[in-house]
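Here is the structure we will look at, set down as structure tokens.
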Number of protein chains: 2
Amino acid sequence: MENEMHNPVKPLVDNIIALRTSLKQYYIQKIKEQHLDITYEMLQVLAALWKKERMNQQDIAVAIQKNKASVTPLLDNLCKRDLVKRVNDPNDRRNNLIELTLKGDAYRELLTPVQQDLYKAILKEITEQKVLEITEILEKLTVIIDKQ
Amino acid sequence: MENEMHNPVKPLVDNIIALRTSLKQYYIQKIKEQHLDITYEMLQVLAALWKKERMNQQDIAVAIQKNKASVTPLLDNLCKRDLVKRVNDPNDRRNNLIELTLKGDAYRELLTPVQQDLYKAILKEITEQKVLEITEILEKLTVIIDKQ
DNA sequence: ATAAAACAGTTAAATATCAAACTAAATTTG
DNA sequence: CAAATTTAGTTTGATATTTAACTGTTTTAT
């Protein structure tokens, strides 16, 4: 959002949006280089499942910060590509438990290095101390905004 | 993106995405409170035009960090709502010059306070010095990521 | 001057997003 | 225990996003 006032927060907001765009573009490019037929958003789902298998769709929605109505078509597309499968939960028939297929798990080996490369590149130029410090401030910022 | 390693960059990335989501949600809520029939993305276009009138679509795309193919339907929707109009550029017939309508300009009075309120709320809890500092680091981060 | 390249915008097709309304299942409450 | 509420997931409808191919216009280079 822009206006004519001089306010230091405006460039900050712009940079947050730009940074998120750059992150997304980074992953899109790496996915393309490996000729994988997935989107950034599908990668977000896979990454969440690499961390914790067998989540239901609601858990996935929370983990990747999306609306549960967005998760339904995302999982449809991941199933179509044989990367995950939906499994009934016998203990609570409302749940779809989401499981990685072998292919979905194999993508881990292809894509976690991509993540690690980026993290290493960042830590080569910014100290861990600084990273922790701005993480804390961004967290605080999120709280402030959510309070409004 | 997640994995099992302990890496301080992971929480930073998560916070960037969360913060962008919070920002978007903040504006969506304020738009809703005023019963305005626009999306966050349309607001981004309007805000760019409040700063600089009569941009072509390419300029708008750059200003709001979107693909030019995304800008076409965005402007279609803004025209449909009578907030902007497309004007032919006699000097370069490739260009659509985008102009605010009276209604589009009136939205400025409704929505710039929303922006200012947020900026003030942030500066009440985080010093200007800190804001400038993290802006600089985020800028640096974007450069690092784009270089990969 | 003309051919090639660059540029602005649109379109198509696939995907993603969100709110709201909905179904079905589980839980809470009186 | 039955009714009310909550929860998980889907659907719908409108919008946004991306890449790639395409049209028309302008600029560049020979």
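Within every chain, numbering begins at 1; the chains are lettered A, B, ... in the order of the sequence lines, protein sequences first and strands thereafter.
With salt bridges taken as basic N to acidic carboxylate O contacts below 4.0 Å, one links A/Glu125 and B/Lys147. At a threshold of 4.0 Å, the pair A/Asp14-A/Lys10 counts as salt-bridged, since one of the basic side-chain nitrogens sits closer than that to a carboxylate oxygen. Of the charged side-chain nitrogens involved, none lies within less than 4.0 Å of a carboxylate oxygen, so that A/Asp89 and A/Arg93 do not count as a salt-bridged pair. Look at B/Asp76 and B/Arg81 and you find no salt bridge, because none of the NZ, NE, NH1 or NH2 atoms lies under 4.0 Å from a carboxylate O.
Backbone-only contact: B/Gln25 has heavy atoms under 4.0 Å from sugar-phosphate atoms and none from a base. Heavy atoms of B/Lys24 sit nowhere under 4.0 angstrom from any nucleic acid atom. B/Thr39 comes within 4.0 angstrom of sugar-phosphate atoms only, judged by non-hydrogen atoms across all strands, and of no base.
Atom P of nucleotide C/dC18 and atom CG of B/Leu43 are separated by 16 Å, given to the nearest angstrom. Atom CD1 in A/Ile17 sits roughly 16 Å away from atom C1' in D/dT17 (whole-Å rounding). One can place CZ of B/Arg20 at 9 Å from P of C/dT17, the figure rounded to the nearest angstrom. Taking atom CD1 on A/Ile38 and atom P on C/dA16, their separation rounds to 10 Å, with Å as the unit. Nucleotide D/dA21 holds its P atom 14 Å from the NZ atom of B/Lys68, rounded to whole Å. A/Ile31 places its CD1 atom 15 Å from the C1' atom of D/dT17, with the value rounded to the nearest Å. Atom CG of A/Asp37 is separated from atom P of D/dT19 by 14 Å (rounded to the nearest Å). Rounded to a whole Å, the CD1 atom of B/Ile98 is 10 Å from the C1' atom of C/dG9.
Residue order along DNA chain C, read from the 5' end via each residue's closest nucleotide, puts B/Gln58 first among B/Ile28 and B/Gln58. Along DNA chain D, the nucleotide nearest B/Asn67 and the nucleotide nearest A/Met55 are compared for position; the residue whose nucleotide lies closer to the 5' end is A/Met55.
Of all the heavy atoms in B/Leu19 and A/Ile16, the pair that sits closest is CD2-CD1, 3.5 Å. Pairing each heavy atom of A/Arg108 with each of A/Pro113, the nearest pair is O-CD, 4.0 Å.
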Pair B/Arg54, B/Ile98 - check side-chain contact (heavy atoms from CB on, under 4.5 Å), show working. CA-CA 5 Å; B/Arg54 293 194 125 241; B/Ile98 309 304; over 6 Å; no
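Using a 3.5 Å distance cut-off with no hydrogens or angles, the side chains of A/Gln148 and B/Lys30 do not pair a donor with an acceptor.
Scanning residues 71-93 of chain B for heavy-atom distances under 4.0 Å to DNA chain C yields B/Thr72, B/Arg86.
Out of D/dT6, C/dC18, C/dG9, the shortest distance to the side chain of B/Asn95 is found at C/dG9. Nearest nucleotide to the side chain of A/Arg94, out of C/dT27, C/dC18, D/dT10: C/dT27. Closest to the A/Asn96 side chain, of the nucleotides D/dT17, C/dA8, D/dT10, is D/dT10. Listed nucleotides: C/dA16, D/dA8, C/dC18. Nearest to the side chain of A/Glu41: C/dA16. The side chain of B/Met42 has D/dA16 as its nearest neighbour among D/dG24, D/dT19, D/dA16.
Residue B/Lys66 has a polar side-chain atom (N or O) positioned under 4.0 Å from OP1 or OP2 of D/dT17. Of the side-chain N and O atoms in A/Ser70, none sit less than 4.0 angstrom from OP1 or OP2 of C/dA16. An OP1 or OP2 oxygen of D/dT10 is reached within less than 4.0 angstrom by a side-chain nitrogen or oxygen of A/Gln57. Within the structure, every side-chain polar atom (N or O) of A/Gln44 is placed at least 4.0 Å from both OP1 and OP2 of C/dA16.
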